[in-house]
Protein chains: 2
Amino acid sequence: MNEVTCKISDAEWQVMKVLWAESPITATQVIEYLKPETHWSPKTIHTLIGRLVKKQVLGVNKNSNLFQYYPLVSKDDCMRDETKSFLHKVYDGSLHLLLANFVKNESLSPRDIEELRNLLDERIK
Amino acid sequence: MNEVTCKISDAEWQVMKVLWAESPITATQVIEYLKPETHWSPKTIHTLIGRLVKKQVLGVNKNSNLFQYYPLVSKDDCMRDETKSFLHKVYDGSLHLLLANFVKNESLSPRDIEELRNLLDERIK
DNA sequence: ATAACTAGACTACACTTGTAGGAAGGTGCT
DNA sequence: AGCACCTTCCTACAAGTGTAGTCTAGTTAT
């Protein structure tokens with residue numbers, strides 16, 4: 001539930017997703033994971049990791065010449081913050097507006113809708 | 001339904017919201033509208049408007065020494081694009097995930113939920 | 001051991017963004 | 001007609017971002 005104070009940029013998010021999925025891991029492993037989905041040079045990924053460490057979003061284990069990185073903030077917290085600022089920017093803070101738009105624009109498959117209804121039903125209980 | 005190619009920054013969004021609500025209007029009017037909600041200098045707003053014109057997001061009427069600005073892209077299109085890239089960045093493109101998160105985190109009031117259900121019901125018809 | 005390689009640290013560089021100042025020309029009041 | 005002011009244009013500048021290269025010290029293969 002903590003507020004995450006610092007902004008994580010688009011490229012940094014991709015790095016964080018890897019670390020949230022598995023950690024602690026080395027930079028080399030991060031690079032391996034990202035290689036298929038990005039065209040980034042390993043150097044670029046090192047830079048991104050470095051920035052995330054400086055922002056105190058990632059921590060480092062420096063045991064035995066082998067640097068291992070791990071998240072210092074939870075994915076949930078970041079998602080919440082990011083969603084909040086996005087909603088504020090585009091939808092004036094109204095999740096309702098966003099949903100209305102999505103539902104209206106048929107961006108949802110019937111299965112999506114069905115599942116959503118189930119989710120909502122659960123919440124009502 | 002057009003793709004909006006260029007990015008609109010946070011500050012620019014605030015300007016665009018004014019123009020989407022009413023247009024064409026002059027820079028002075030935009031400044032008036034934004035004065036209560038921002039602490040921006042008129043200069044800043046002029047800069048933002050200028051950038052939006054350069055990005056071809058705003059158009060200008062230069063009739064009679066009175067410059068009037070108006071949007072060249074629809075709010076809906078921009079919202080859709082912004083939402084898409086946000087969803088991709090944070091939720092791997094899954095609106096479902098976002099909603100699940102919101103519903104789970106009790107960020108929705110019972111009334112929100114009720115309304116959402118109604119929206120969904122409409123779509124099912 | 002020595003040459004080659006590698007991981008991390010530091011540096012680079014252009015572009016965007018937030019935030020605004022100064023110059024230049026038109027408009028209105030006196 | 002002159003002064004003041006507004007409007008637009010151009011310029012500025014630091015921080016953040018995407019993207020990557022160089023330097024240095026440790027690791028590995030021969």
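Letters go in sequence order (proteins before strands), and every chain restarts at 1. Quick caveat: nothing in here was measured; it's all calculated off a predicted structure.
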(message) Does C:dG18 have OP1 or OP2 under 4.0 Å away from a side-chain N or O of B:T47?
(response) no
(message) I'd like to know if A:K84 and A:D81 make a salt bridge, using a cut-off of under 4.0 Å between side-chain N and carboxylate O.
(response) no
(request) Look at the side chain of A:T44 and decide which nucleotide, out of D:dG21, D:dT19, C:dA20, has an atom nearest to it. (result) D:dT19
(request) Measure the distance from CG on B:L34 to C1' on C:dT19 and round it to the nearest whole Å. (result) 14 Å
(message) Testing the 3.5 Å rule here: is there a donor-acceptor pair between the side chains of B:W40 and B:Q14?
(response) no
(request) Ignoring backbone atoms, test whether B:W40 places a side-chain nitrogen or oxygen under 4.0 Å from the OP1 or OP2 oxygen of C:dT19. (result) yes
(request) Using atom CD of B:Q29 as one end and atom P of D:dT7 as the other, report the distance to the nearest whole Å. (result) 10 Å
(message) Could you tell me how far apart B:R51 (CZ) and D:dA12 (P) are, to the nearest whole angstrom?
(response) 14 Å
(message) At 4.0 Å (heavy atoms only), tell me whether A:K55 reaches a base, stays on the sugar-phosphate, or touches nothing.
(response) sugar-phosphate
(message) Please tell me if A:T26 has a side-chain N or O lying less than 4.0 Å from either OP1 or OP2 of C:dA7.
(response) no
(message) Rounding to an integer number of Å, can you tell me how far B:K62 NZ sits from C:dG25 P?
(response) 16 Å
(request) Respond yes when some side-chain nitrogen or oxygen of A:K7 is under 4.0 Å from OP1 or OP2 of C:dT17, and no when none is. (result) no
(request) Taking only the side-chain heavy atoms of A:S41 (C-beta and beyond), determine which of D:dG18, D:dA20, C:dG18 contains the nearest atom. (result) D:dA20
(request) Look at the side chain of B:K43 and the base of C:dG22, then say whether one donor and one acceptor between them are separated by less than 3.5 Å. (result) yes
(message) Measuring from the side chain of B:F67 (C-beta onward, heavy atoms only), which nucleotide among D:dG18, D:dT8, C:dA20 has the closest atom?
(response) D:dT8
(message) Rounding to an integer number of Å, can you tell me how far A:L52 CG sits from C:dA9 P?
(response) 14 Å
(request) First locate atom CD of B:E82, then atom CZ of B:F86, and finally report the distance between them rounded to the nearest 0.5 Å. (result) 10.0 Å
(request) To the nearest 0.5 Å, tell me how far B:I31 CD1 sits from B:T44 OG1. (result) 9.5 Å
(request) Measure from CD1 on A:I49 to P on D:dT17 and round the result to the nearest Å. (result) 16 Å
(message) Rounding to an integer number of Å, can you tell me how far B:Q14 CD sits from C:dG18 P?
(response) 9 Å
(message) Tell me whether the side-chain N/O atoms of A:T28 come closer than 4.0 Å to OP1 or OP2 in C:dA7.
(response) yes
(request) Give the rounded distance in Å between these two atoms: CG of A:L48 and P of C:dA9. (result) 14 Å
(message) Starting the side chain at C-beta, find the nucleotide from C:dG18, C:dA7, D:dC9 nearest to B:D10.
(response) C:dG18
(request) Give every residue pair that meets the salt bridge (Lys or Arg N to Asp or Glu O under 4.0 Å) criterion with at least one member in residues 12-23 of chain B, sequence neighbours excluded. (result) A:D92-B:K17, B:E12-B:K55
